[in-house]
Amino acid sequence: MSTSNQATTSGAASTPVFAAQQTTPAGPPAPRRRIKRKTWQTVIWFIGLIALTAVVLYPLLWLFLSTFKPNSEFGQNPGLLPQAPTIENYGKVMEGIAGVPMWRFFLNSLILAVSAVVGTVLSSALAAYAFARVQFKGLGVLFAAMIGTLLLPFHVVIIPQYIIFNQLGWVDTFIPLILPKFLATEAFFVFLLVQFIRQMPRDMDEAAKIDGAGHLRIFWSIILPLIKPALITCAIFSFIWAWNDFLGPLLYLTSPENYPLPIALRLYNDQTSSSDYGATVTASFVALLPVLLFFVVFQRFLVDGVATQGLKG
């Protein structure tokens with residue numbers, strides 16, 4: 001009896017202790033030690049970033065300030081600031097050259113660049129969808145041939161293309177510069193979109209097929225919205241390449257009223273007479289502004305599209 005009473009007593013005595021141990025709230029978590037960067041390290045970091053930014057932006061700043069230099073300072077004043085600032089160069093540029101105003105050159109470049117963006121994005125997206133989602137005979141051979149065109153220099157096909165467009169009577173028009181963009185001739189953009197589409201799950205495509213959607217409906221309603229970041233990338237590069245294109249317009253355009261800005265810049269520098277360097281620098285800066293604005297505007301959409309893009313299989 002004494003043994004059982006002792007066991008009962010010890011058990012009863014140990015129960016409150018155990019319960020107290022279980023109900024005792026845990027203490028607050030130990031505070032994490034924050035790693036503080038020293039002040040001198042932060043200063044050195046910002047100085048390095050400012051120096052790198054200054055090196056990158058210096059050519060653009062020099063170009064802008066040189067637009068205020070008179071023509072006599074070029075070759076004598078290589079510094080950043082003009083000695084005798086003037087806005088005469090902007091007046092010369094706005095008047096144009098060869099009897100054609102500057103706004104006409106600007107409009108021609110805008111037509112070629114916008115057409116290149118629309119044609120390249122649409123045709124490359126359609127071709128990429130066919131390579132990535134449609135199964136047909138000869139798919140591998142055609143895809144390999146398309147990739148092989150990346151290794152083919154543009155100078156190899158200049159003469160055959162010129163002969164074809166000349167026989168069609170399209171020389172000195174915008175057609176030779178615009179039509180190829182709507183035929184998915186940019187293999188780089190097609191390959192980029194193909195790789196982007198292949199990473200997407202096919203569940204949505206199969207669900208759309210069950211609902212009766214065809215390839216065109218799937219492409220327009222499902223694939224096209226999901227590849228928006230890649231489309232914006234293609235649009236940025238195609239706009240810059242078309243805006244800065246010099247060789248194509250030089251081959252196919254002969255009338256000054258059809259010249260884009262890169263060809264118009266050449267008119268300010270003549271090897272047989274004096275060159276107007278002030279007007280050349282100013283026209284170069286004016287031609288550079290649309291490219292910078294286009295990149296700044298669409299870069300935000302590109303970053304937002306990549307940051308918010310997420311597909312779950």
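Side chains are part of it too, since the values below use all heavy atoms of this structure and drop only hydrogens, waters and symmetry mates. Source: prediction; values computed, not measured.
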Do the side chains of [X] and [Y] join up, straight or via other hydrophobic residues, at under 4.5 Å, putting them in one cluster?
X: Trp243; Y: Leu63; answer: no
X: Leu152; Y: Ile147; answer: yes
X: Val56; Y: Phe46; answer: no
X: Val118; Y: Ile178; answer: yes
X: Trp62; Y: Ile87; answer: yes

*For the residue pair Phe64 and Phe68, categorise the inter-ring angle as parallel (less than 30°), tilted (30 to 60°) or perpendicular (more than 60°).*
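Ring orientation, 0 to 90° scale: perpendicular.
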
*Does Phe189 have its ring centroid less than 6.0 Å away from the ring centroid of Trp241?*
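Distance test on ring centres: under 6.0 Å, yes.
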
*asked:* Please confirm whether the ring centroid of Tyr252 lies under 6.0 Å from the ring centroid of Phe174.
replied: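 For Tyr252 and Phe174, the ring centres are not under 6.0 Å apart.
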
*Does the pair Asn108 and Asn258 meet the rule for a side chain to side chain donor-acceptor pair (under 3.5 Å), with working shown?*
CA-CA 7 Å; Asn108 294 337; Asn258 292 332; 5.2 Å; no

State whether the number of non-hydrogen atoms from other residues, nucleotides or ligands found under 6.0 Å of [X] atom [atom1] is greater than 12.
X: Phe237; atom1: CZ; result: no
X: Arg198; atom1: CZ; result: yes
X: Leu49; atom1: CG; result: yes
X: Phe154; atom1: CZ; result: yes
X: Leu292; atom1: CG; result: yes
X: Gln195; atom1: CD; result: yes

For the pair [X] (side chain) and [Y] (backbone), establish whether a donor and an acceptor sit closer than 3.5 Å, ignoring hydrogens and angles.
X: Ser109; Y: Phe106; value: no
X: Glu257; Y: Arg104; value: no
X: Ser238; Y: Ala235; value: yes
X: Asn166; Y: Tyr162; value: no
X: Asn89; Y: Lys69; value: yes
X: Thr86; Y: Glu88; value: yes
X: Trp103; Y: Gly96; value: no

Using 0.5 Å steps for rounding, measure from the [atom1] atom of [X] to the [atom2] atom of [Y].
X: Arg266; Y: Ile97; atom1: CZ; atom2: CD1; answer: 10.5 Å
X: Phe294; Y: Phe239; atom1: CZ; atom2: CZ; answer: 5.5 Å
X: Leu107; Y: Leu261; atom1: CG; atom2: CG; answer: 10.0 Å
X: Asp205; Y: His215; atom1: CG; atom2: NE2; answer: 9.5 Å
X: Leu231; Y: Ser124; atom1: CG; atom2: OG; answer: 9.5 Å
X: Leu177; Y: Leu251; atom1: CG; atom2: CG; answer: 9.0 Å

Return all side-chain donor-acceptor pairs below 3.5 angstrom for residues 277-291, not counting sequence neighbours, or 'none' if the list is empty.
| from | atom 1 | to | atom 2 | distance (Å) |
| --- | --- | --- | --- | --- |
| Thr280 | OG1 | Asn269 | OD1 | 3.2 |
| Thr280 | OG1 | Asp276 | O | 2.8 |
| Thr282 | OG1 | Gly278 | O | 2.8 |
| Ser284 | OG | Thr280 | O | 2.7 |

*Would Lys181 and Glu186 pass as an ion pair if we require N to O under 4.0 Å?*
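Glu186 and Lys181: salt-bridged.
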
*Partner residues of Leu192 under the side-chain contact (heavy atoms from CB on, under 4.5 Å) criterion, sequence neighbours left out*: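 So Leu192 forms a side-chain contact (heavy atoms from CB on, under 4.5 Å) with Thr233, Cys234.
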
_Apply side chain to side chain contact (heavy atoms under 4.5 Å, CB included) to residues Phe131 and Leu193 and explain how you reach the verdict._
CA-CA 10 Å; Phe131 283 124; Leu193 294 175; over 6 Å; no

_Would Asp172 and Thr254 count as a side chain to side chain donor-acceptor pair (under 3.5 Å) here? Give the steps._
CA-CA 5 Å; Asp172 199 22; Thr254 58; 3.3 Å; yes

_Between Thr173 and Pro176, is there a side-chain heavy-atom distance shorter than 4.5 Å?_
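Yes, at least one pair of side-chain atoms sits under 4.5 Å.
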
